[in-house]
Structure formats: structure tokens, C-alpha cells
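Step one of this worksheet: look at the structure below.
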Amino acid sequence: MNKVAPVIAFVAFMLVFALTRSPVRDFLESWVELEGVVLGLASLVSSGALAALVAGAILYATRLFE
């Protein structure tokens, strides 16, 4: 399980990043009223942070169960 956990975490990171990109962009556009390049960068960073949280949680959980 120790060698499979990083692969699962990476796949989860990519999935969460891809699935949250558009909703985060829409949320930031309506809630914070960002535009242009700033909106793109903010949504990129926010989606990356959400995906990193999920991947980190997976890695942490696998360490707890070993």
C-alpha cells in the first residue's frame, strides 16, 4: 500500500483539479468580481489548493492505516 498511495493521491489531485477548475472560476467571478488574468490565476491557485488538500488527506490517511 505504501507504493500505491502516491499514485492514488496523484490521480485524485488531477481529478479534483480538473473538476473544480470551472466551478471555482465561476464562484470567484460572481462572488469576488475578478476579471481577466487575475481571475485565471486566482482560479488556478484555488483549484490547486483544493486538489492539494485532497491529495494530502489521502496520503495522511494511508499513513494512519499502516
Side-chain angles (χ1 to χ4, degrees):
M1 184 72 172
N2 195 15
K3 296 183 187 269
V4 177
V7 174
I8 294 170
F10 177 74
V11 170
F13 178 89
M14 296 306 289
L15 272 171
V16 170
F17 183 78
L19 292 175
T20 61
R21 188 83 162 109
S22 180
V24 166
R25 183 180 178 93
D26 294 341
F27 172 76
L28 288 174
E29 191 174 27
S30 66
W31 186 269
V32 188
E33 296 183 12
L34 297 174
E35 295 178 355
V37 175
V38 176
L39 174 63
L41 288 174
S43 67
L44 178 76
V45 170
S46 299
S47 294
L50 286 172
L53 271 171
V54 171
I58 290 170
L59 290 174
Y60 185 75
T62 56
R63 287 187 70 190
L64 286 177
F65 291 123
E66 284 185 354

In chain order, what residues pass the side-chain hydrogen bond (donor to acceptor under 3.5 Å, both in side chains) check against T20, with sequence neighbours excluded? none
Are L39 and F27 co-members of a hydrophobic cluster defined by side-chain heavy atoms under 4.5 Å apart? yes
Verify the cluster assignment for V38 and W31: are they in a single hydrophobic cluster under the rule of side-chain heavy atoms below 4.5 Å apart? yes
Look at the side-chain heavy atoms of Ile, Leu, Val, Met, Phe, Trp and Tyr, link any pair under 4.5 Å apart, and say whether L15 and I8 land in one connected group. no
Quick check: closest heavy atoms across V24 and L50, and the distance to 0.1 Å? CG2-CD1, 3.9 Å
Please give the remaining members of the hydrophobic cluster of V37, linking ILVMFWY side chains under 4.5 Å, ordered by chain and number. L41
Measure across A12 and V54 and return the closest heavy-atom pair with its distance rounded to 0.1 Å. CB-CG1, 4.3 Å
How far apart are the closest heavy atoms of G48 and F13, and which atoms are they? O-CE1, 3.8 Å
Y60, OH atom: more than 12 neighbouring heavy atoms under 6.0 Å: no
All side-chain hydrogen bond (donor to acceptor under 3.5 Å, both in side chains) counterparts of R21, not counting sequence neighbours: S43
Does any N or O in the side chain of S47 come within less than 3.5 Å of the main-chain N or O of L44, such that one atom is a donor and the other an acceptor? no
Let me check something: do V7 and L59 share a hydrophobic cluster, defined by ILVMFWY side-chain heavy atoms less than 4.5 Å apart, either directly or through other members? no
Tell me the closest heavy-atom pair linking A55 and A9, and the distance in Å. CB-O, 3.6 Å
